Protein chains: 2
Amino acid sequence: MSKHSPLTDEALELVARRFAVLAEPMRLRLIQALFDGERNVTELVEATGGTQANISRHLQTLTAAHVLGRRKDGLQVFYRISDPTIPKLCELVCGSLEKSLTRQAAHLGAGEQ
Amino acid sequence: MSKHSPLTDEALELVARRFAVLAEPMRLRLIQALFDGERNVTELVEATGGTQANISRHLQTLTAAHVLGRRKDGLQVFYRISDPTIPKLCELVCGSLEKSLTRQAAHLGAGEQ
DNA sequence: ATTTTGTATGAGCATATACTCATATACTTG
DNA sequence: CAAGTATATGAGTATATGCTCATACAAAAT
């Protein structure tokens with residue numbers, strides 16, 4: 001995106017859609033709960049504190065976006081992170097926010113702004 | 001986010017908000033237009049093909065999120081990318097999408113799925 | 001076959017936000 | 001000061017999407 005030719009409208013929509021999928025706290029919580037490996041829906045409901053219906057919908061959204069993968073075993077369905085760039089994306093954003101917050105704290109402490 | 005302790009609800013909101021800011025095609029177009037350096041609003045309106053009002057709003061959103069920085073010079077206002085992680089984020093997502101698309105193309109070509 | 005357990009989904013509501021039009025504000029120039 | 005130019009914003013509308021309740025579906029157990 002930097003030195004490459006500008007993206008087409010279609011590509012921009014895809015990139016935006018990608019970011020949109022990550023733009024929900026509950027979905028981030030699910031991703032976080034899956035960093036250590038796959039879990040079934042019931043476990044994810046417990047880990048996140050959401051309702052079963054809502055978690056199921058978010059899992060569908062994440063799976064449709066190829067962020068998560070699905071494996072069915074009997075009654076249970078196990079989800080896992082299937083896109084290796086997801087952890088990197090989250091780390092980048094977290095790091096950036098930490099910096100931004102400490103900068104802000106420093107400014108407040110110095111009475112600036 | 002991976003080996004670190006799980007994020008607080010507040011932190012999750014911030015991360016989600018960050019992704020949300022990047023989840024609009026027009027804002028991505030603006031970011032793209034700023035990869036080569038700062039530009040004023042009129043230039044950005046021309047580069048993106050949007051209306052002045054809409055571009056102004058998106059610039060405000062991006063600036064409030066500390067993605068862009070603002071510099072006023074006389075009548076004009078110049079915007080620039082102020083968060084160095086933005087290009088990396090976009091590259092990560094683009095790369096991931098390219099892979100995903102070529103995989104899909106390969107599957108279609110092989111008659112799989 | 002019926003019941004139980006785990007997961008998905010249809011329908012409806014509430015909220016957020018992208019967009020536009022018109023107008024306001026800020027600065028410059030005549 | 002008046003007029004012009006660059007940017008921002010209030011108000012209104014349309015659309016998307018997150019959430020919930022109830023129920024459907026699928027597989028297992030009795």
Side-chain angles (χ1 to χ4, degrees), chain A residues 9-10 12-34 38-82, chain B residues 9-10 12-34 38-82:
Chain A
D9 288 8
E10 196 185 359
L12 283 175
E13 300 266 2
L14 286 177
V15 175
R17 180 67 202 147
R18 181 65 152 200
F19 282 124
V21 164
L22 300 175
E24 279 301 313
M26 184 57 90
R27 286 201 283 269
L28 292 176
R29 238 185 281 191
L30 286 168
I31 288 171
Q32 204 174 215
L34 290 171
E38 69 174 13
R39 292 204 193 181
N40 68 31
V41 178
T42 301
E43 289 171 333
L44 290 170
V45 168
E46 288 168 2
T48 59
T51 66
Q52 186 270 320
N54 196 29
I55 296 306
S56 181
R57 285 190 198 288
H58 282 307
L59 289 172
Q60 181 184 308
T61 299
L62 288 163
T63 305
H66 301 287
V67 169
L68 302 186
R70 228 180 91 106
R71 179 178 69 85
K72 208 171 180 180
D73 181 20
L75 266 182
Q76 305 177 354
V77 178
F78 289 86
Y79 287 88
R80 65 186 178 283
I81 296 177
S82 70
Chain B
D9 288 9
E10 196 185 0
L12 283 175
E13 301 267 1
L14 285 176
V15 175
R17 179 68 203 148
R18 182 64 152 203
F19 281 124
V21 164
L22 300 175
E24 278 302 313
M26 184 57 91
R27 285 201 285 269
L28 292 176
R29 236 184 283 191
L30 286 168
I31 288 171
Q32 204 173 217
L34 290 170
E38 68 174 15
R39 294 206 194 179
N40 67 31
V41 177
T42 301
E43 289 171 333
L44 289 170
V45 168
E46 288 168 0
T48 60
T51 66
Q52 186 270 321
N54 197 28
I55 296 305
S56 181
R57 286 190 198 287
H58 282 307
L59 289 172
Q60 180 183 307
T61 299
L62 288 164
T63 305
H66 302 286
V67 169
L68 302 186
R70 229 179 92 105
R71 179 178 69 84
K72 207 169 178 182
D73 181 19
L75 266 183
Q76 305 177 354
V77 178
F78 290 86
Y79 287 88
R80 66 186 177 282
I81 295 177
S82 69

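Letters A, B, ... are given to chains in the order of the sequence lines, protein chains preceding strands, and every chain is numbered from 1. Fair warning: this is a prediction, and the values are worked out from it, not measured in the lab.
The separation between A:R70 atom CZ and C:dG6 atom P is 16 Å, rounded to whole Å. For the pair B:L30 CG and C:dC19 P, the interatomic distance rounds to 10 Å; values are reported in whole Å. In this entry the distance linking CG of A:N40 with C1' of C:dT5 reads 12 Å, nearest Å. Note: CE (B:M26) to C1' (C:dC19) measures 10 Å, nearest angstrom.
Among pairs with a residue in residues 41-52 of chain A, none fulfils side-chain hydrogen bond (donor to acceptor under 3.5 Å, both in side chains), at least two apart in sequence or across chains.
Looking at heavy atoms from C-beta onward, A:L22 lies out of side-chain contact with B:L22 at the 4.5 angstrom threshold.
Near DNA chain D, meaning a heavy atom under 4.0 Å away, the residues from residues 47-68 of chain B are B:Q52, B:A53, B:S56, B:R57, B:Q60. Within residues 71-82 of chain A, the residues having any heavy atom closer than 4.0 Å to DNA chain C are, in order of number, A:L75, A:Q76, A:V77, A:Y79.
For the atom pair A:R80 CZ and A:R39 CZ, the distance stands at 15.5 Å (nearest 0.5 Å). Atom-to-atom distance recorded for B:I81:CD1 and B:L30:CG is 10.0 Å, nearest 0.5 angstrom. Put simply, CG on A:L34 and CZ on A:R29 are 13.5 Å apart, with the number rounded to the nearest 0.5 Å. Note that CZ of B:F19 is 6.5 Å distant from CG of A:L28, once rounded to the nearest 0.5 Å.
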Residues 71-78 of chain B side chain polar contacts: donor-acceptor under 3.5 Å, at least two apart:
residue, atom, partner, partner atom, Å
B:R71, NE, B:E38, OE1, 3.4
B:R71, NE, B:E38, OE2, 3.3
B:R71, NH2, B:E38, OE2, 2.5
B:Q76, OE1, B:N40, ND2, 3.2

Kindly list each side-chain donor-acceptor pair under 3.5 angstrom involving residues 56-68 of chain A, sequence neighbours excluded, with atom names and distances?
residue, atom, partner, partner atom, Å
A:H58, ND1, A:R27, NH1, 3.1
A:T61, OG1, A:R57, O, 3.2
A:T63, OG1, A:L59, O, 2.6

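Within the structure, every side-chain polar atom (N or O) of B:R17 is placed at least 4.0 Å from both OP1 and OP2 of C:dA16.
Heavy atoms only, all atoms of each residue included: B:A47 and B:A33 are closest at CB-CB, 4.3 Å.
First and last contacts of DNA chain D with chain A, using any nucleotide atom under 4.0 Å from a protein heavy atom and ordered 5' to 3', fall at D:dT17 to D:dA28.
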